[in-house]
2 protein chains.
Amino acid sequence: MPREASRGLNSAINVCRLRGAQMTPLRQGVLKALWSADRPLGAYDLRDLVEKAFDRQIPAPSIYRILDFLCEQGVATRIESLNAYVACGHPERDHACVFLVCEACGDATEIENPKVEKLISEDAKRLGFVVKHQVVEMSGLCAPCQQAS
Amino acid sequence: MPREASRGLNSAINVCRLRGAQMTPLRQGVLKALWSADRPLGAYDLRDLVEKAFDRQIPAPSIYRILDFLCEQGVATRIESLNAYVACGHPERDHACVFLVCEACGDATEIENPKVEKLISEDAKRLGFVVKHQVVEMSGLCAPCQQAS
DNA sequence: TTATCGAATGATACATTGTTGCATTCACTG
DNA sequence: CAGTGAATGCAACAATGTATCATTCGATAA
């Protein structure tokens with residue numbers, strides 16, 4: 001696992017601990033798998049990885065529960081358009097994620113843009129709508145994949 | 001079906017015709033079901049509705065192919081966070097949809113905000129990323145449901 | 001230490017959503 | 001009327017997600 005990922009993982013674990021949220025071995029295992037991956041992973045991909053790491057079978061519901069937990073803690077994010085999950089780089093800030101999802105290589109880059117959140121929230125407010133969770137995912141081609149094609 | 005929906009349906013049919021895209025009876029049936037609904041419908045919900053309307057069985061792959069077609073034509077949109085589909089109100093303009101999805105009543109309101117698209121596209125451009133499709137979905141509570149709770 | 005209690009996980013079965021591959025039908029065109 | 005490509009039918013299956021209940025684990029308090 002690259003150093004940056006290692007830092008991200010530790011940071012996430014600390015964030016959870018500070019909140020009093022239990023970071024169990026299995027939860028750490030799932031989060032570690034997410035940090036080790038270079039692309040979003042599906043729940044069953046994660047199950048396979050964690051089963052190998054723990055050398056035993058893990059039931060699907062456990063994986064889903066753990067993913068729910070990690071997303072609630074803000075240390076992972078579900079990418080709706082892929083039915084997949086990624087580790088989140090800055091869980092300490094309560095923020096909204098924006099992803100650039102490459103159709104070719106499958107990589108999902110998280111970008112930060114608080115303006116987007118504000119812009120939409122204002123529109124929503126005008127309609128009396130209270131936003132609780134935002135999904136912003138742009139699919140297309142990343143720079144390397146454009147050149148490759 | 002309300003008048004507005006009826007207009008929307010006809011407009012969508014015309015848009016497709018003008019493009020030379022075949023608007024077959026089955027495709028119209030699916031689109032009509034979408035326009036008649038007051039909330040996003042899943043592929044299998046749609047299948048049930050269209051089966052009743054046509055009084056015969058429809059295979060799931062047909063529904064999915066038709067939904068793909070309708071989305072490509074811009075007369076319907078998939079809401080990723082719900083695995084569901086809605087009719088799109090203005091297919092003539094090539095636009096990006098932004099949805100407000102109410103967790104309580106399930107309704108999905110489409111709002112227009114070209115600024116959002118621009119804002120993110122600029123960020124993407126800076127990274128050399130070419131956006132082909134955008135998913136912007138805000139979940140929360142609509143005004144009526146806030147009062148109800 | 002031990003009883004207890006809630007959180008987390010295990011286990012089984014199942015529901016929902018989406019796809020593959022190939023056959024058939026249909027409408028248009030030469 | 002034959003040929004062609006688009007659309008649909010059909011069967012089986014794959015992938016994703018959930019419901020339910022049992023069990024284990026870990027902290028806390030008697």
Side-chain angles (χ1 to χ4, degrees), chain A residues 13 16-17 19-34 39-51 53-73 75-86 103 106 135 137 139, chain B residues 13 16-17 19-34 39-51 53-73 75-86 103 106 135 137 139:
Chain A
I13 292 172
C16 291
R17 288 230 175 95
R19 288 182 192 143
Q22 290 189 50
M23 188 46 101
T24 64
L26 206 50
R27 287 172 173 175
Q28 279 193 37
V30 172
L31 191 53
K32 183 174 178 183
L34 284 176
R39 61 185 175 81
L41 295 177
Y44 285 81
D45 296 334
L46 281 163
R47 177 162 83 154
D48 291 347
L49 290 170
V50 177
E51 283 185 341
F54 285 68
D55 194 29
R56 64 181 177 89
Q57 292 210 307
I58 314 276
S62 290
I63 298 294
Y64 281 100
R65 281 183 299 227
I66 287 169
L67 286 169
D68 287 347
F69 168 85
L70 296 175
C71 290
E72 272 170 23
Q73 294 296 321
V75 298
T77 305
R78 175 177 166 85
I79 298 189
E80 297 290 346
S81 55
L82 296 176
N83 295 339
Y85 301 80
V86 291
E103 291 168 351
V135 174
E137 299 164 10
S139 66
Chain B
I13 292 172
C16 291
R17 288 230 174 94
R19 287 181 194 143
Q22 288 189 51
M23 187 47 96
T24 65
L26 207 49
R27 286 173 173 174
Q28 279 193 35
V30 172
L31 191 52
K32 183 175 177 183
L34 285 176
R39 61 185 174 84
L41 295 176
Y44 284 81
D45 296 334
L46 281 164
R47 178 162 82 155
D48 291 345
L49 290 170
V50 177
E51 283 185 339
F54 285 68
D55 195 30
R56 67 181 176 87
Q57 293 211 307
I58 315 278
S62 290
I63 298 293
Y64 280 101
R65 282 183 300 228
I66 287 170
L67 287 169
D68 287 347
F69 168 85
L70 296 175
C71 289
E72 273 170 23
Q73 294 296 320
V75 298
T77 307
R78 176 178 165 84
I79 299 190
E80 297 290 346
S81 55
L82 296 176
N83 295 340
Y85 300 81
V86 290
E103 292 168 352
V135 174
E137 299 163 12
S139 65

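Every chain is numbered from 1 and lettered A, B, ... according to where its sequence line falls, protein lines coming before strand lines. FYI, side chains are in, hydrogens and waters are out, and symmetry mates aren't considered; it's all heavy atoms of this structure.
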In chain order, what residues pass the side chain to side chain donor-acceptor pair (under 3.5 Å) check against B/Arg39, with sequence neighbours excluded?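 So B/Arg39 forms no side chain to side chain donor-acceptor pair (under 3.5 Å) with any residue.
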Those residues that, when tested against B/Ser62, pass side chain to side chain donor-acceptor pair (under 3.5 Å) (two or more places apart):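 Once residues adjacent in sequence are excluded, the partners of B/Ser62 under the side chain to side chain donor-acceptor pair (under 3.5 Å) criterion are B/Arg65.
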Please give, in whole Å, the distance from C/dT9 P to A/Met23 CE?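 Those two atoms, CE and P, are 10 Å apart.
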Tell me every residue that passes salt bridge (charged side-chain N to carboxylate O under 4.0 Å, His left out) with A/Glu137, counting only those two or more places apart in sequence or in another chain.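 If we apply the salt bridge (charged side-chain N to carboxylate O under 4.0 Å, His left out) test to A/Glu137, skipping adjacent residues, there are no hits.
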Non-hydrogen side-chain atoms of A/Gln28 and A/Ile13 separated by less than 4.5 Å: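 Side-chain contact under 4.5 Å: yes.
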Would a 4.5 Å heavy-atom cut-off, applied to side chains only, mark B/Val86 and B/Arg78 as touching?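 They are not in side-chain contact.
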Where chain B begins and ends its contact with DNA chain D, read 5' to 3' at 4.0 Å from heavy atoms: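 Counting from the 5' end, contacts occupy D/dA6 to D/dA11.
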Could I get the full list of side-chain contact (heavy atoms from CB on, under 4.5 Å) partners for B/Glu51, not counting sequence neighbours?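 Partners of B/Glu51 under the side-chain contact (heavy atoms from CB on, under 4.5 Å) test: B/Arg47, B/Asp48, B/Gln57, B/Ile58.
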Residue list, side-chain contact (heavy atoms from CB on, under 4.5 Å) with B/Ala21, at least two apart or on another chain: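 B/Ala21 satisfies side-chain contact (heavy atoms from CB on, under 4.5 Å) with B/Cys16, B/Phe69, B/Gln73 once adjacent residues are dropped.
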Could you encode protein contacts along nucleotides 11-30 of chain C as a string, one character per nucleotide from 5' to 3', using B for base contact, S for sugar-phosphate-only contact and - for no contact, with a heavy-atom cut-off of under 4.0 Å? BB----BBBB----------
Straight-line distance of B/Leu34 CG to B/Leu70 CG, nearest 0.5 Å: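 Interatomic distance, B/Leu34 CG to B/Leu70 CG, rounded to 0.5 Å: 7.0 Å.
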